[in-house]
Amino acid sequence: MRLFIAINFDDKTVNNIYKEVNALKDRSLKGRFVHKEHIHLTIEFLGEVQDEKVNEIQKMIFNTHFDPFEIVISNLGVFHTKHGDIYWLGIKDNEDLFKLYNDIHNNLKQMNIEVQERPYTPHITLGRNVELKDKLEKTNIDDFNYMVKQVCLFKSFNDGNRLIHEIIAESK
């Protein structure tokens, strides 16, 4: 089963983020842009996970406790990859978010779940393989905040030609 752990947003925040997706589309010649229902902030991408590990990961998510904290979504960024540019919205440095990431990351490692060992760059993907009409002059957006109250375990699968992200566990 293909899994990832993420922060899911409320409708107001999704709409704010989707405005940035549309603004990027308007400035682009081409790209694969995120659908509204797929907007999230990944904490940990797990990829394919053996079925016998899924229940263990679900229990870990159910038992993930933290005080709610606010994140600030603040800038437009890009990862340049050999497969094309990935544009995203960044999160201002946030100790609580990094603590949550580290707690989840370390718990997964203790469960012998394979995790990526690279620095965590919290971001919200807007589009992949994006080619802009003109160079971006401005990467700042109007900041907006979101109160993080829980994390979710998602499974990701194709239903015909459509990608589905389904929540299979939420923290309390």
Side-chain angles (χ1 to χ4, degrees), residues 1-21 33-77 79 81 86-128 141 143-159 162-172:
M1 190 178 302
R2 187 176 168 91
L3 302 177
F4 63 93
I5 298 167
I7 294 167
N8 204 24
F9 297 111
D10 61 19
D11 289 341
K12 178 183 176 191
T13 304
V14 166
N15 288 333
N16 282 336
I17 294 167
Y18 203 66
K19 285 178 192 170
E20 298 301 327
V21 172
F33 299 94
V34 173
H35 294 283
K36 203 173 198 178
E37 66 269 17
H38 295 152
I39 292 173
H40 63 271
L41 172 60
T42 301
I43 300 295
E44 190 82 62
F45 177 76
L46 303 173
E48 288 297 326
V49 175
Q50 298 168 349
D51 289 343
E52 60 269 12
K53 290 285 190 181
V54 174
N55 285 340
E56 199 176 341
I57 297 168
Q58 285 176 309
K59 286 178 189 168
M60 186 266 296
I61 292 298
F62 289 137
N63 293 315
T64 297
H65 299 284
F66 58 90
D67 290 331
F69 62 91
E70 192 169 70
I71 58 173
V72 179
I73 300 164
S74 69
N75 65 306
L76 184 64
F79 296 129
T81 74
I86 300 170
Y87 281 83
W88 44 268
L89 292 179
I91 309 298
K92 282 193 176 174
D93 281 344
N94 186 298
E95 283 184 38
D96 293 317
L97 179 60
F98 279 94
K99 182 182 181 325
L100 177 62
Y101 163 78
N102 284 323
D103 289 348
I104 289 172
H105 186 81
N106 291 329
N107 285 338
L108 291 165
K109 282 172 47 173
Q110 288 175 358
M111 295 163 47
N112 292 318
I113 306 292
E114 194 172 317
V115 291
Q116 297 175 343
E117 293 297 342
R118 63 180 182 203
Y120 179 53
T121 304
H123 65 280
I124 303 161
T125 301
L126 302 179
R128 293 175 176 80
I141 63 165
D143 291 358
F144 53 97
N145 302 346
Y146 179 73
M147 184 63 70
V148 176
K149 297 176 184 171
Q150 68 179 176
V151 293
C152 302
L153 176 63
F154 287 83
K155 76 176 180 179
S156 177
F157 59 96
N158 282 307
D159 181 20
R162 195 166 152 237
L163 179 65
I164 306 290
H165 290 169
E166 181 181 312
I167 296 173
I168 60 171
E170 296 174 311
S171 61
K172 295 178 184 174

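By the 4.5 Å heavy-atom criterion applied to side chains, I73 and N16 are not counted as neighbours. Taking the side chain as every heavy atom from C-beta outward, V115 and E117 approach each other to under 4.5 Å.
In plain terms, the two heavy atoms of P122 and Y120 that are nearest each other are CD-O, 3.5 Å. Smallest separation of non-hydrogen atoms from Y101 and Q116: OH-O, 4.3 Å. Taking all atoms of both residues into account, the shortest heavy-atom contact from Y146 to N8 is OH-O, 3.0 Å. What you find for F144 and L89 is that their closest heavy atoms are CZ-CD1, 4.4 Å. Across all their heavy atoms, P68 and K149 have their closest contact at CB-CG, 4.2 Å.
With rounding to the nearest 0.5 angstrom, the CZ atom of F45 is 11.5 Å from the CD1 atom of I5. Distance check: K92 NZ to N145 CG gives 8.5 Å after rounding to the nearest 0.5 Å. Separating the CG atom in L153 from the CG atom in L3 is a distance of 5.0 Å, to the nearest 0.5 Å. Interatomic distance, N107 CG to I61 CD1, rounded to the nearest 0.5 Å: 9.0 Å. Residue D143 holds its CG atom at 11.5 Å from CD1 of I71, rounded to the nearest 0.5 Å. To the nearest 0.5 Å, atom CZ of residue F98 and atom CD1 of residue I91 are 10.0 Å apart.
Around CD of E114, the count of heavy atoms belonging to other residues, nucleotides or ligands within 6.0 Å does not exceed 12. Under a cut-off of 6.0 angstrom, the local environment of CG in N106 is crowded, with over 12 non-hydrogen atoms contributed by other residues, nucleotides or ligands.
Applying the side chain to side chain donor-acceptor pair (under 3.5 Å) test to every pair with at least one member in residues 38-52, sequence neighbours left out, gives these pairs: H40-T42, E44-H105. Sequence neighbours left out, the pairs with a member in residues 56-74 that pass salt bridge (Lys or Arg N to Asp or Glu O under 4.0 Å) are K53-E56.
Qualifying salt bridge (Lys or Arg N to Asp or Glu O under 4.0 Å) partners for D103, counting only residues two or more places apart in sequence or in other chains: K99. Residues satisfying the side-chain contact (heavy atoms from CB on, under 4.5 Å) test with V14, not counting sequence neighbours, are F9, K36, I39. Under the rule for a salt bridge (Lys or Arg N to Asp or Glu O under 4.0 Å), E95 has no partner lying at least two apart in sequence or in another chain.
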Take F69 and L100, measure what side-chain contact (heavy atoms from CB on, under 4.5 Å) needs, and give me the verdict at the end. CA-CA 10 Å; F69 62 91; L100 177 62; 4.1 Å; yes
Apply side-chain hydrogen bond (donor to acceptor under 3.5 Å, both in side chains) to residues T13 and D10 and explain how you reach the verdict. CA-CA 6 Å; T13 304; D10 61 19; 2.7 Å; yes
Walk me through whether V148 and N94 qualify under side-chain contact (heavy atoms from CB on, under 4.5 Å). CA-CA 12 Å; V148 176; N94 186 298; over 6 Å; no
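Between F79 and H123, the angle of the ring planes goes over 60°, which puts this pair in the perpendicular group of the 30/60° scheme.
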Using distance only, find each side-chain donor-acceptor pair of residues 162-172 under 3.5 Å and give its atom names and separation, not counting sequence neighbours.
{"unit_1": "S171", "atom_1": "OG", "unit_2": "V151", "atom_2": "N", "d": "2.9"}

